[in-house]
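Below is one structure, written out as structure tokens; the observations come after it.
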Amino acid sequence: MQVVPAGTVPEEPEPLADLDAAPADFSRLADALDLHGLPGVQDKVSASMLSAPVASPHHRWILKLDPPGTPHLVLNEALHLRAARSLRIPVASAHVVRDARGVPGLLVSRFDRIHEDGRWRRLELEDGAQILGMLPAAKYSVAAEELVSAVAAACRAPAVAARNLYLQFLFAWLTGNGDLHAKNVAVLTGPAGHRAPAPAFDLPSTVLYGDMSMALPVAGRTKGLRARHWAEFAATIGLPERAAASATSLALKAAAGADLAALPFEGSPLNRALRELRHRRAELD
């Protein structure tokens with residue numbers, strides 16, 4: 001299996017090429033997965049990505065594959081995971097891997113597993129829907145402000161967590177990720193028992209597939225967000241004006257690192273997405 005880096009990742013204790021739990025032909029795995037059996041699947045683009053756990057003695061991953069009818073979602077997410085590292089918050093580590101036919105898959109390291117004393121241990125991971133006491137199917141039925149406030153309050157350092165989550169929502173808007181819902185943010189309890197926002201994950205740009213709205217309303221809106229709406233969002237979650245301005249500058253710089261032209265899209269889907277994102281970034285720049 002050929003391995004291609006999707007961004008800066010920690011050095012692995014053994015080569016990923018030794019991974020023998022992943023199939024040599026991704027199409028066989030895709031055929032085995034029942035998309036309708038996955039919990040919480042909705043109409044949003046990234047929710048349709050095919051995912052399966054894979055493992056080797058010293059690694060635990062989720063292997064993500066392009067779903068039927070949604071091209072290049074793997075490469076799309078890899079690009080945005082790499083760009084999100086410039087936010088200076090934890091981001092899920094990932095590699096693009098290819099099967100024997102050259103079909104790409106995204107191998108995402110599991111941040112909720114640690115290997116110690118010769119065995120694997122599961123870390124506590126509680127997503128936003130669980131924190132709010134919501135059913136998975138209701139993951140789109142909450143305002144961004146309510147979600148951020150609840151998740152931040154569950155963390156050891158709520159003010160730091162609120163800034164982290166503000167960056168995630170702003171980056172989603174600036175890169176066109178319309179699927180940042182209540183199950184795509186979470187609180188991770190580290191080995192020492194400290195609770196903090198989990199690394200950012202599930203970050204593809206959905207505007208490339210015609211999805212122009214946010215998954216959750218920000219200041220009451222899922223479309224047409226302007227600078228004043230983000231200022232209102234920051235104030236509601238308790239982020240000081242100066243901290244919000246600094247975070248906005250950081251998010252703009254990180255979003256600029258996600259060059260959609262580097263993806264294998266062309267024509268109307270690419271041009272429409274570029275036009276939309278230029279408008280969003282100009283409003284906040």
Side-chain angles (χ1 to χ4, degrees), residues 40 80-81 83-93 109-114 121-136 138-175 177 179-203 214-222 225 227-255 284:
H80 288 88
L81 283 169
R85 300 187 195 285
S86 296
L87 295 171
R88 303 174 193 165
I89 62 174
V91 175
S93 296
S109 295
R110 295 200 64 152
F111 47 75
D112 61 340
R113 302 287 190 274
I114 59 171
R121 180 158 72 93
R122 182 195 300 265
L123 298 177
E124 181 184 350
L125 184 70
E126 189 176 17
D127 66 46
Q130 292 171 314
I131 291 170
L132 287 165
M134 300 167 54
L135 294 174
K139 62 190 178 183
Y140 296 109
S141 305
V142 60
E145 294 86 346
E146 183 182 355
L147 175 64
V148 169
S149 296
V151 172
C155 294
R156 185 189 187 198
V160 175
R163 180 181 180 276
N164 175 313
L165 296 165
Y166 178 80
L167 280 166
Q168 289 191 46
F169 272 91
L170 191 53
F171 183 77
W173 175 250
L174 294 172
T175 58
N177 173 11
D179 205 26
L180 182 52
H181 53 65
K183 291 190 71 64
N184 275 349
V185 296
V187 173
L188 180 68
T189 302
H194 298 155
R195 289 165 60 83
F201 59 96
D202 282 355
L203 305 182
M214 290 286 281
L216 304 181
V218 171
R221 302 168 67 100
T222 58
L225 288 162
R228 68 177 181 273
H229 300 119
W230 289 103
E232 180 181 335
F233 178 47
T236 302
I237 64 173
L239 192 62
E241 187 175 336
R242 196 169 183 179
S246 173
T248 299
S249 177
L250 190 59
L252 282 164
K253 189 175 297 186
L284 286 167

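Values below: every heavy atom of this structure, side chains too, minus hydrogens, waters and symmetry copies.
Note that CZ of F171 and OG1 of T248 are 14.0 Å apart. Values are rounded to the nearest 0.5 Å. A distance of 4.5 Å separates CD in Q168 from CD1 in I89, rounded to the nearest 0.5 Å. Taken from CZ in R110 to CZ in R122, the straight-line distance is 6.5 Å, to the nearest 0.5 Å. Taken from CZ in F169 to CD1 in I237, the straight-line distance is 9.0 Å, to the nearest 0.5 Å. Atom CG of L180 is separated from atom CG of L147 by 7.5 Å, given to the nearest 0.5 angstrom. For the atom pair M214 CE and H229 NE2, the distance stands at 13.0 Å (nearest 0.5 Å).
Shown here for V91 and A84, the closest heavy-atom pair between the two residues is CG2-O, 3.6 Å. Counting all heavy atoms, side chain and backbone alike, A154 lies closest to I131 at CB-CD1, 4.2 Å. For K183 against A129, the heavy-atom pair with the smallest separation is CG-CB, 3.8 Å. In this structure, A227 and L284 approach most closely via the heavy-atom pair CA-CD2, 3.7 Å. Of all non-hydrogen atoms in V218 and A144, the two that sit nearest each other are CG2-CB, 3.8 Å.
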Are L165 and V151 close enough, and set up right, to give a side chain to side chain contact (heavy atoms under 4.5 Å, CB included), and what steps lead you there? CA-CA 9 Å; L165 296 165; V151 172; 3.7 Å; yes

Please lay out, stage by stage, how D179 and Y140 fare under the test side chain to side chain contact (heavy atoms under 4.5 Å, CB included). CA-CA 9 Å; D179 205 26; Y140 296 109; 2.5 Å; yes

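Using a 4.5 Å cut-off on side-chain heavy atoms (C-beta onward), P136 and D127 make no contact. Contact of the L250 side chain with the R88 side chain is registered, since non-hydrogen atoms from C-beta on lie closer than 4.5 Å. Looking at T175 and L203, their side chains never come closer than 4.5 Å, going by heavy atoms from C-beta outward. Residues P90 and P197 have side chains not in contact (no heavy-atom distance under 4.5 Å, counting atoms from C-beta outward). With a 4.5 Å cut-off on side-chain heavy atoms, I114 and P191 count as touching.
Listed by chain and number, the residues in a side chain to side chain donor-acceptor pair (under 3.5 Å) with R156 are H194 (sequence neighbours excluded). Under the rule for a salt bridge (Lys or Arg N to Asp or Glu O under 4.0 Å), the partners of R195 that lie at least two apart in sequence or sit in another chain are E124, E126. With sequence neighbours left out, the side-chain contact (heavy atoms from CB on, under 4.5 Å) criterion links A251 to L87, L167, L170, L174. In terms of the ring pair (Phe, Tyr, Trp, His ring centres under 6.0 Å) criterion, residue partners of Y166 (sequence neighbours excluded) are, by chain and number, F233. When the side-chain contact (heavy atoms from CB on, under 4.5 Å) test is applied to F111, the partners found at least two apart in sequence or on another chain are A92, L125, L188, A198, P199, F201. In terms of the salt bridge (Lys or Arg N to Asp or Glu O under 4.0 Å) criterion, residue partners of R121 (sequence neighbours excluded) are, by chain and number, E116.
Taking the six-membered ring for Trp and thresholds of 30 and 60 degrees, W230 and W173 have ring planes inclined between 30 and 60 degrees apart.
Of the possible donor and acceptor atoms, one in the side chain of E145 sits under 3.5 Å from a partner among the backbone N and O of A219.
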